[in-house]
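Order of the sequence lines sets the chain letters (A, B, ...), proteins ahead of strands, with each chain counted from 1.
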There are 2 protein chains.
Amino acid sequence: MNSDFTIAVHSLVYLANLPEHMASSEAIAHNVTTNPARIRKVMSTLRKKGMVKTKEGMRGGYLLSCDPKNITLADVYHTVSYGTLQPNWCTGDPDDTCPISSNTQVVMDHIFNKAEDCYELYLSQFTVASVLDKIKTYS
Amino acid sequence: MNSDFTIAVHSLVYLANLPEHMASSEAIAHNVTTNPARIRKVMSTLRKKGMVKTKEGMRGGYLLSCDPKNITLADVYHTVSYGTLQPNWCTGDPDDTCPISSNTQVVMDHIFNKAEDCYELYLSQFTVASVLDKIKTYS
DNA sequence: TTGAACTGTATAAAATAAAATTACAGTATG
DNA sequence: CATACTGTAATTTTATTTTATACAGTTCAA
């Protein structure tokens, strides 16, 4: 499981907290403690789903393109990490004559797929704004 | 994310399908397509929670110790993989004066912890018996 | 009572995945 | 036209996962 989801949430919260809702990949990377290239990759996929706008060139960077109250963590998860609940490793052998060996993987696939829906439903209760609020109560 | 959960479920289903509900690590490993040492490690943790009994020595192996209808995937997940929803990587810097940098990880920790509960609730609808039934409908 | 067939567990090696680094073309700004 | 950005790809480094190997301890049965 990679950390793109955590990075995406952190980046969006960071933007939401800024008066202009805008920052460069370098500023975000410093806050998140990672490198600018990784931030750009994650933000680039968020842009494709319309969550942020990007400005290239000098004084460019990333700008929140909607109200932090309207971005749920489910939206973020779906955009950057959908499918990562299931491990890559496959169990059994699809060509084995034993149905347990050949079909367990297929059944687990279904279970993991529905788990994603369940996970997203859970995450839909949180928004970028609500996460920011929680962070502030710790300060 | 490692595959211990998938391996545990597959192994238990395999046992449930056998008339004596019993098999050696070698037989299970062959069905799962992994090595006996790994099966023994996973089964060993299931034993500690009372899901299987083990017989050492000649003609030994693993024996289901309860009705497959009474083992939910939530039980299995909790036993072998609890906590793996959260990535190991940590965001931000706890010593940074910026609360976004220092507190986002803590808030994400809470969100991931509650997600585990949600995930287990979802998994509690499945049992070793119900998974076995589904596998058979594919045959 | 001995040896074959098991489990339990640890360690090391190999394979895979994740993260960081580097590089550079493209773009806006002043 | 130089500077400060993004977009993206390739490479290297690091961490994790999986496999392989080994061996002590246990049980059974001849």
Student: Given side chains that start at C-beta, do those of Leu15(A) and Ile28(A) come closer than 4.5 Å, heavy atoms only?
Tutor: yes
Student: Could you check whether atom NE2 of His30(B) has more than 12 heavy atoms from other residues, nucleotides or ligands sitting under 6.0 Å from it?
Tutor: no
Student: Expressed in angstrom and rounded to an integer, what is the separation of Ile28(A) atom CD1 from dG7(D) atom C1'?
Tutor: 14 Å
Student: Under the side-chain contact (heavy atoms from CB on, under 4.5 Å) test, which residues partner Asn17(A), sequence neighbours left out?
Tutor: Leu132(A), Lys136(A), Ile100(B)
Student: For the pair made of NZ in Lys55(A) and C1' in dT3(D), what is the distance, rounded to whole Å?
Tutor: 15 Å
Student: Under a 3.5 Å distance rule, please check whether Ser101(A) uses its side chain to pair with a backbone N or O of Asp93(A) as donor and acceptor.
Tutor: yes
Student: Just N and O in the side chain of Ser25(A): are any of them under 4.0 Å from OP1 or OP2 of dT6(D)?
Tutor: yes
Student: Please list every donor-acceptor pair under 3.5 Å in which a side-chain atom of residues 49-59 of chain A meets a protein atom from a residue at least two apart or in another chain.
Tutor:
none

Student: Going by heavy atoms closer than 4.0 Å, what residues in residues 75-96 of chain B are next to DNA chain C?
Tutor: Trp89(B)
Student: Can you measure Glu56(B) atom CD to dT9(C) atom C1' for me and round it to whole angstrom units?
Tutor: 11 Å
Student: Of the nucleotides dT6(D), dG3(C), dG25(D), which has the atom closest to the Met58(B) side chain?
Tutor: dG3(C)
Student: Using modelled atom types and a 3.5 Å cut-off, is there a donor and acceptor pairing between side-chain atoms of Ser102(A) and backbone atoms of Asp95(A)?
Tutor: no
Student: Under 3.5 Å, side chain of Ser3(A) to main-chain N/O of Thr6(A), donor-acceptor pair present?
Tutor: no
Student: Using the side chain to side chain donor-acceptor pair (under 3.5 Å) rule, take Thr72(B) and Asp75(B) through it: C-alpha gap first, then chi angles, then the decisive distance, then the call.
Tutor: CA-CA 5 Å; Thr72(B) 73; Asp75(B) 299 331; 3.2 Å; yes
Student: Identify, with sequence neighbours excluded, every residue that meets salt bridge (Lys or Arg N to Asp or Glu O under 4.0 Å) alongside Asp4(A).
Tutor: Arg38(A)
Student: Let's see if you get this right: which residues in residues 1-8 of chain A place a heavy atom under 4.0 Å from DNA chain D?
Tutor: none
Student: Is it the case that atom CD in Glu26(A) sees more than 12 heavy atoms from other parts of the structure closer than 6.0 Å?
Tutor: no
Student: Taking only heavy atoms on the protein side, list every residue of residues 32-48 of chain A lying under 4.0 Å from any atom of DNA chain C, sorted numerically.
Tutor: Thr34(A), Asn35(A), Ala37(A), Arg38(A), Arg40(A)
Student: Does the ring centre of Tyr119(B) sit less than 6.0 Å away from the ring centre of Tyr77(B)?
Tutor: yes
Student: If each of Gly57(A) and Tyr62(B) is mapped to the nucleotide of DNA chain C with the nearest heavy atom, which maps nearer the 5' terminus, i.e. the 5' end?
Tutor: Tyr62(B)
Student: Atom CG of Leu63(A) to atom P of dT6(D): distance rounded to whole Å?
Tutor: 12 Å
